[in-house]
Amino acid sequence: MILLEQVIKQIQPLCQEAMEQAQIRWDSIAKPLRSLGRLEQAVIQIAGITGSQEVQLKKRAVVVMCADNGVVCEGVTQTGQEVTAVVSENFVKGTTSVNQMAKVAGAQVIPVDIGIASDVQGLRNKKIAYGTKNLAKEPAMTRQQAIEALEVGINLVAELKQDGYQILATGEMGIGNTTTSSAIAAVLTGCAVEEVTGKGAGLSAQGLKIKKQVIETAIERHKPDPEDAIDVLSKVGGFDIAGLAGVYLGGAFQRIPIVVDGFISAVAALVAIRICPEVQHYLIPSHVSKEPAGKMLLEQLHLKPFLTCEMCLGEGTGAVALFPILDMALAVYQNMSTFSEIKIEEYQPLD
C-alpha cells in the first residue's frame, strides 16, 4: 500500500537528460527543424516523464472513476443517480462512447467503482462508500475518506504499471459530478461560481440556477480552505475526482504519462497540483472542454490543449482521442531516416 505522504515526498522533476536526447533525435530526423511543433514537444515530455528517450506507448488504458454524489437530491441534474450504475455497467459491456473510441485508439477501458451508490459487477471494486453525502447539507466526505480515495488512484497506477501499461488517460462517470467539479474549481481558483458552472449533461435555465445556488450555499456553509486542497475535496468534492487526483499523483510517482480529459478531469488535476506542484510537469492535456470553465482551468494548469472539438461528454472520450495523434508523432520519431542516413546537410537553428 503506497501512502499519500510517501508520494508527495518522493515525486521527482522530469529527467532532463532523456529530454535532451529526445530533442537530439528529433533534430536529426530528415525534415524541417521543429516542424511538428507540439507533437515533438509531447514526445520530449514523455521521455522526461519515463526517463528514457526510447518512448513506447503501445500498452495504454483509460481509467474511468465511477462514483455517486449525494448532492443529486438537490435537483442539480437532469437524471437520477441510478444512471451512474447503468452507465458503469455499460463500461463493462463495452457499449459506451469511450469504449467505442478506445477500440479505435487501441486502449483498454478500466472502470473503477470508487463510490457508486449500488454494487455493479465487473468493475474494479475500490469503493470508499456508497456515494458521498449531500454537500448542500454536510461535508461530502471526511478528510480520511478523501485521503483514502486519493490513495486508490495512487495505488491503481502502481498496479497498472506492474501490468505493463505505458500511458494512461483519465475519465469519470458520476451523475452530479459537474456540480462537485464546479464547487472545487470555484474555491481553488477564486472565481465566482457563476463563471465555473455550466449545464453539465443538460439542465434547463432554472436547473442551472438551482445548481449555482446549491454550490454557493455549500461553499458558504462549509468554508473549504483554498490553501488546503484535501479540505476542499472533502467538503465539496466527490470520490471520482479524488480518485482521479490520485491517478495524477500516482502517474508522477511511477513516472507514467497521464492524459487529462475534460473539465472534471482537469479539476482533479488542479487538486493534484495543489497537493504536489511537481505533478504539473507529468500531465498531458487532450482537449478543451465545452464547459464554461474548460479553457480557464487549462490556463490555471498551464496546459495547452491539442484538440478543440467542443466536447463535453466525459468518460475519458477526449483523452483517448489524443492517443492516435501521439501514435503519429511516434511513427515519425521512431521510424524516419536521419539527415546523415540520407546524406544531406542537417538543418541548423536560425535566429
With no hydrogens and no angle check, is any side-chain donor or acceptor of [X] less than 3.5 Å from a backbone partner on [Y]?
{"X": "E89", "Y": "T84", "result": "no"}
{"X": "D261", "Y": "G171", "result": "no"}
{"X": "R221", "Y": "P139", "result": "no"}
{"X": "S286", "Y": "V260", "result": "yes"}
{"X": "E151", "Y": "L4", "result": "yes"}
{"X": "Q166", "Y": "K59", "result": "yes"}
{"X": "K343", "Y": "S340", "result": "no"}
{"X": "E40", "Y": "L36", "result": "yes"}
{"X": "D231", "Y": "D225", "result": "yes"}

When Ile, Leu, Val, Met, Phe, Trp and Tyr are grouped by side-chain heavy atoms lying under 4.5 Å apart, directly or through other members, which residues fall in the same group as M296?
-> V196
Rounded to the nearest 0.5 Å, how far apart are [atom1] of [X] and [atom2] of [Y]?
{"X": "E159", "Y": "R124", "atom1": "CD", "atom2": "CZ", "value": "6.0 Å"}
{"X": "N69", "Y": "T179", "atom1": "CG", "atom2": "OG1", "value": "8.0 Å"}
{"X": "I49", "Y": "Q12", "atom1": "CD1", "atom2": "CD", "value": "14.5 Å"}
{"X": "Q254", "Y": "L249", "atom1": "CD", "atom2": "CG", "value": "11.5 Å"}
{"X": "R255", "Y": "S52", "atom1": "CZ", "atom2": "OG", "value": "11.0 Å"}
{"X": "L330", "Y": "I325", "atom1": "CG", "atom2": "CD1", "value": "12.5 Å"}

Do [X] and [Y] make a side-chain contact, defined as non-hydrogen atoms from C-beta onward lying under 4.5 Å apart?
{"X": "L270", "Y": "L297", "result": "yes"}
{"X": "K235", "Y": "I219", "result": "no"}
{"X": "P13", "Y": "E278", "result": "yes"}
{"X": "V43", "Y": "V332", "result": "no"}
{"X": "Y248", "Y": "I273", "result": "no"}
{"X": "L123", "Y": "C66", "result": "yes"}
{"X": "F253", "Y": "I8", "result": "no"}
{"X": "Q23", "Y": "R34", "result": "yes"}

Shared hydrophobic cluster for I167 and L303 (ILVMFWY, side-chain gaps under 4.5 Å) | yes
Looking at V64, V62, D163, L160, which hits side-chain contact (heavy atoms from CB on, under 4.5 Å) with I110?
-> L160
Closest approach of [X] and [Y], non-hydrogen atoms and distance?
{"X": "V279", "Y": "A252", "result": "CG2-CB, 4.1 Å"}
{"X": "A218", "Y": "V236", "result": "CB-CG1, 4.3 Å"}
{"X": "F323", "Y": "A61", "result": "CZ-O, 4.2 Å"}
{"X": "A229", "Y": "I275", "result": "CB-CG1, 3.9 Å"}
{"X": "A293", "Y": "F263", "result": "CB-CE1, 3.6 Å"}
{"X": "G251", "Y": "V157", "result": "N-CG1, 3.8 Å"}

Sequence neighbours excluded, every pair satisfying ring pair (Phe, Tyr, Trp, His ring centres under 6.0 Å) that has a member inside residues 4-39 = W26-Y333
Among side-chain atoms of S182 and K211, is any donor-acceptor pair under 3.5 angstrom?
-> no
Taking atom [atom1] of [X] as the centre, report whether more than 12 heavy atoms of other residues, nucleotides or ligands fall under 6.0 Å from it.
{"X": "K31", "atom1": "NZ", "answer": "yes"}
{"X": "Q334", "atom1": "CD", "answer": "yes"}
{"X": "K161", "atom1": "NZ", "answer": "yes"}

Under the side-chain hydrogen bond (donor to acceptor under 3.5 Å, both in side chains) test, residues paired with [X] that sit two or more places apart:
{"X": "E74", "value": "N134"}
{"X": "Q45", "value": "none"}
{"X": "S265", "value": "T170"}
{"X": "R60", "value": "D327"}

Cut-off 3.5 Å, no hydrogens considered: what does the side-chain donor-acceptor table look like for residues 111-119, sequence neighbours left out?
unit_1, atom_1, unit_2, atom_2, d
D113, OD1, G115, N, 3.1
D113, OD1, I116, N, 2.9
D113, OD1, K127, NZ, 3.2
D113, OD2, K127, NZ, 2.7
D119, OD1, Y130, OH, 3.0
D119, OD2, Y130, OH, 3.1

Donor-acceptor pairs under 3.5 Å, side chain of residues 239-247 to any protein atom, not counting sequence neighbours: which ones?
unit_1, atom_1, unit_2, atom_2, d
D240, OD2, N177, ND2, 3.0

Trace of the side-chain contact (heavy atoms from CB on, under 4.5 Å) decision for H302 with Q280 | CA-CA 8 Å; H302 304 291; Q280 195 269 334; 3.7 Å; yes
Residues in salt bridge (charged side-chain N to carboxylate O under 4.0 Å, His left out) with E194, at least two apart?
-> K212
Taking it one step at a time, do L233 and L150 satisfy side-chain contact (heavy atoms from CB on, under 4.5 Å)?
-> CA-CA 10 Å; L233 192 58; L150 287 163; 4.2 Å; yes
Would you please test M65 and K126 for side-chain contact (heavy atoms from CB on, under 4.5 Å) and show each step?
-> CA-CA 10 Å; M65 291 289 179; K126 307 286 185 180; over 6 Å; no
Start with the C-alpha distance between N99 and T95, add both sets of side-chain angles, then the distance that settles side-chain contact (heavy atoms from CB on, under 4.5 Å), and finish with yes or no.
-> CA-CA 6 Å; N99 287 110; T95 58; 5.6 Å; no
Table please: side-chain donor-acceptor pairs of residues 304-320 below 3.5 Å, with sequence neighbours left out.
unit_1, atom_1, unit_2, atom_2, d
E315, OE1, V98, N, 3.2
T317, OG1, G314, O, 2.8

Under the ring pair (Phe, Tyr, Trp, His ring centres under 6.0 Å) rule, collect the residues that match up with F91, sequence neighbours excluded.
-> none
Yes or no on salt bridge (charged side-chain N to carboxylate O under 4.0 Å, His left out) for D228 and R274, after CA distance, side-chain angles and deciding distance?
-> CA-CA 8 Å; D228 182 352; R274 293 296 176 86; over 6 Å; no
For V72, which residues count as a side chain to side chain contact (heavy atoms under 4.5 Å, CB included) partner, sequence neighbours excluded?
-> T77, Q81, I175
